[in-house]
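Naming: A, B, ... by sequence-line order, numbering from 1 per chain. Below, all heavy atoms of this structure are taken into account, side chains as well, without hydrogens, waters or symmetry copies.
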Amino acid sequence: MANQIVGPEERRTEHQASSNQAPILSIRDLHVDFRMRNGVVRALHGVDFDLAAGQTLGLVGESGCGKSVTAQAILRVIPDPGEIRKGQIIFRPSSRSSGREIDIAALPPKSPLLNEIRREHISLIFQEPMTSLSPVHTIGDQIGEACRLGRSVSRSEARDQSIELLRRVGIPRPEQRIDRYTFELSGGMRQRAMIAMALASDPNLLIADEPTTAIDVTIQAQILDLLEELQQDTGMSLIMITHDLGVVASVADRVAVMYRGVVIEDASCEELFDNPKHPYTRGLLSSVPDLTTPGKSDIATIRGTVPHPFAVIPGCEFHPRCDHFMEGVCDVRFPEETPVGPRPNASDHVTRCHLYTVEKPEEESDGTAATAAPRE
Amino acid sequence: MAQPRPQHRESDHPAPPMNNGDLIEIDNLKKYFPIQSGFLRRHVGDVRAVDGVTFSIRRGETLGLVGESGCGKTTTGRLIARIFEPTDGSIRISTNGDATDVASLRGEGLHDYWRRVQVIFQDPYSSLNPRRTVSQIIAEPLVCLTEMSAAERRDRVGELLELVGLDPRHAERYPHAFSGGQRQRIGIARGIALNPELLVADEAVSALDVSIQGQIINLMVRLQRELELTYLFVSHDLGIVKHISDRIAVMYVGKLVELCSADGMFRRPRHPYTEALLSAVPRPNPKAKAARILLPGDVADPANKPPGCPFHPRCRYAQEVCAQDEPEWRNVGDEEHRHLVACHFADTLELKGVLQAETTAGTTQ
Ligand SMILES: Nc1ncnc2c1ncn2[C@@H]1O[C@H](COP(=O)(O)OP(=O)(O)OP(=O)(O)O)[C@@H](O)[C@H]1O
Ligand SMILES: Nc1ncnc2c1ncn2[C@@H]1O[C@H](COP(=O)(O)OP(=O)(O)OP(=O)(O)O)[C@@H](O)[C@H]1O
Ligand SMILES: [Mg+2]
Ligand SMILES: [Mg+2]
């Protein structure tokens, strides 16, 4: 109610009129460094993406590629010694063109506006439930607290709301579980308690960092349905960070694929699964174990491992593991973002890979470079 | 650790010899957590986290354990690793052909057992001590349970880091400096540090992205061959479970509902809960709107189990008998390919699996 930027009512009507409006979130050239005693981890170095209001962006990529740091940057909760070195995080709480734009990256760490955003507009479901659940408070206290933030809700109303939320995320007997401590819950229940807490403040933007890894598929389906329902009712936008490409395929409108701190491919969900371009994306898609083939078999993998976080790799960061490595090109130049979608020069499907950059390496010698695109 | 164990049957039940080929046999295992209430912490009921499970794990096999979140998988793993004491039932491990009752182990015998059975824990954040470096964490079992010198430990840690695909130069960093997936590898390195016989892997790869997940699974399969490991592999990811497991057990509120070969289960599940589980796996194809079987009603509650078959309130095939009689745990396969299931209608229901019909087989589907 005490919503200063835009209330839920307003949000809902905007949602209905949505389509060609400004994105709720635009990340531009975001750099985050961790300055350690023995080196610098360039966790993000030039992340770009947009999230349209009411839509779902799937954020996928190798372990350690910077997905969680991206989420932490958006809420400005990057742990020490990490800091944003460069770039913008433009948040548009109201999607009307007249609405204000806030560059979250530029806000001072203690600014009241930042607190307001965290309290009322953007919620984060952390990857590790125990980092944000307190071991010394009951889950009811913690969810109730989140319900009461920024709203005039009485203690008992907050309790009722918490019970209802716990029920909706599939926790049995919520009226009793609410008085439990986190160590008394199973892994999946903790995760669901976290989800309930993140939803308690009725956010415009929910960032869910691996929200269902500890949850079985039937309850996962229930939670994904719940998120979709909330999006339909309230116009909530969602960033779904997950390594489960099945989850991405079933919830995302767009997908951004990250590798070592950059977005290397960005496309609509259907386009990405139908027509992946970057060799890393292709490798990722073929590593999904198939349910439907009989017998035990090796799972396809991408060769090599993610390099040391301190390592600085010249050119394309993926080149040491890439089957289409072109010497003198991939290890020299950082690939520009290149449109590769069905419509030429449109930005609806972009990738960073020299196989698709305009100046083809061997162009001088003959015209074959144009056919160098990987084929299965 | 060495407390007297409550009401545990000792000699009234002469132990039958172990089945040839079994590493571990679990018989009617139970773990109840008391629910207390009020200032006096009165005992008002029990969470029946594990409520009478019976199965065995063969030497060298991978047994997958899946089921609803909160159904008791982690508790089962912890009972087997003797981190928890069972409320009832027995666990026996084969030692040079003889059965050892795990509950009776004390002192050195228990240490021996812990060397043989290791766990990779579910939550890589809370299971790794943030104040210890990665090398200290991995060396922990070596310090507690072996006589290795510091230099030997350092070598072993380096070897282990390499084995799980981490740079040995990371050894002196603290766990918080690693991503979730990297931390999970640290847990695996610690789990295999002692060359255990049985490794209980509790969601060991669930924080990993698919390409690394594949590498770790392939690594676990390789280690299994080289080191003759036996795995109890707990996971929600049915694709992974199918790939790594020889047999799969499905659990529902503290009980097993189905146990058979991986292919057998994916081809034709015999329990309606398994069918629902298989149908709910999200497929990596945005156009395939899965024919998901929705489970109506409340998620099962181990503190308040329904009478009869625990799944009956959510089962679309339930009949009157399901609400009254608890189904028997029985074999509906043959002696060679045992297919154990607890469902009154396992023989008559035609449940749907997810395996593609083999081209050679008659196409009935
Ligand atoms: N607190 C920290 N101190 C130092 N480095 C860090 C810290 N947090 C993250 N990093 C580094 O930043 C990089 C990105 O980490 P991040 O947690 O964002 O990965 P991720 O994509 O979320 O991976 P995962 O899928 O495994 O969760 C990694 O190389 C990691 O080592
Ligand atoms: N220490 C404890 N005290 C009280 N109850 C507990 C304790 N540990 C687990 N439980 C309860 O026992 C039940 C089974 O928990 P367990 O952790 O074994 O489930 P799980 O199958 O591993 O679930 P998940 O897939 O979510 O990890 C749950 O209802 C849980 O709340
Ligand atoms: Mg992460
Ligand atoms: Mg568990």
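Residue contact with chain B, scored on non-hydrogen atoms closer than 4.5 Å, involves the backbone and the side chain of A/Leu284 alike. Interface remark: A/Arg177 contributes side-chain atoms only to the contact with chain B (heavy atom separation under 4.5 Å). When heavy atoms are compared at a cutoff of 4.5 Å, A/Asp179 does not approach chain B at all. For B/Phe33, no part lies under 4.5 angstrom from a heavy atom of chain A. Residue contact with chain B, scored on non-hydrogen atoms closer than 4.5 Å, is absent for A/Phe34. Both the backbone and the side chain of B/Leu238 come within less than 4.5 Å of a heavy atom in chain A. Contact of B/Leu277 with chain A is made through backbone and side chain together, with heavy-atom distances under 4.5 Å. No part of B/Ser235 comes within reach of chain A, as not one of its non-hydrogen atoms sits under 4.5 angstrom from that chain.
The choice from B/Thr75, B/Asp246, B/Asn304 that makes the most heavy-atom pairs within less than 4.5 Å of chain A is B/Asp246. When each of A/Ser287, A/Gly170, A/Gly283, A/Ala252 is checked for heavy-atom pairs under 4.5 Å with chain B, A/Ser287 comes out on top.
In this structure, a donor-acceptor pair under 3.5 Å is present between the side chains of B/Ser69 and A/Arg192.
Here the straight-line distance linking atom CG of B/Leu294 with atom CD of A/Gln222 works out to 9.0 Å at 0.5 Å rounding. Here the CG atom belonging to B/Asp263 is positioned 8.5 Å from the OG1 atom belonging to A/Thr293, to the nearest 0.5 angstrom. Going from atom NZ of B/Lys242 over to atom CG of A/Leu291 covers 8.0 Å, rounded to the nearest 0.5 Å. Taking OG1 of A/Thr292 as the reference point, atom CZ of B/Phe266 lies at 10.0 Å (rounded to 0.5 Å). Between the CG atom in B/Asp237 and the NE2 atom in A/His243 there is a gap of 6.5 Å [rounded to 0.5 Å]. With values rounded to the nearest 0.5 angstrom, B/His236 atom NE2 is found 9.5 Å from A/Gln220 atom CD.
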For A/Glu184 and B/Ile35: C-alpha separation, side-chain torsions, deciding distance, then whether side-chain contact (heavy atoms from CB on, under 4.5 Å) applies. CA-CA 10 Å; A/Glu184 294 175 295; B/Ile35 306 174; over 6 Å; no
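A/Thr218 and B/Ala276 get closest at one heavy-atom pair: CG2-O, 4.1 Å. Considering every non-hydrogen atom in both B/Gly214 and A/Ile299, the closest pair reads CA-CG2, 3.9 Å. Minimum interatomic distance between A/Pro294 and B/Arg267 (heavy atoms only, all atoms of both residues): CB-NH2, 4.3 Å.
Between A/Asp274 and B/Lys287 there is a salt bridge, since at least one side-chain N of the basic residue sits less than 4.0 Å from a carboxylate O of the acidic one.
In this structure, the side chains of A/Phe273 and B/Asn285 stay at 4.5 Å or more apart for every pair of heavy atoms. B/Val66 has its side chain out of reach of A/Asp216: every pair of non-hydrogen atoms, C-beta onward, lies at least 4.5 Å apart. Using a 4.5 Å heavy-atom threshold, the side chains of B/Pro282 and A/Val217 count as touching. B/Gln213 is not listed as a side-chain neighbour of A/Asp244, based on a closest heavy-atom distance of 4.5 Å or more.
Looking at B/Asp301, its side chain never comes within 3.5 Å of a backbone N or O of A/Arg173 through a donor-acceptor pair.
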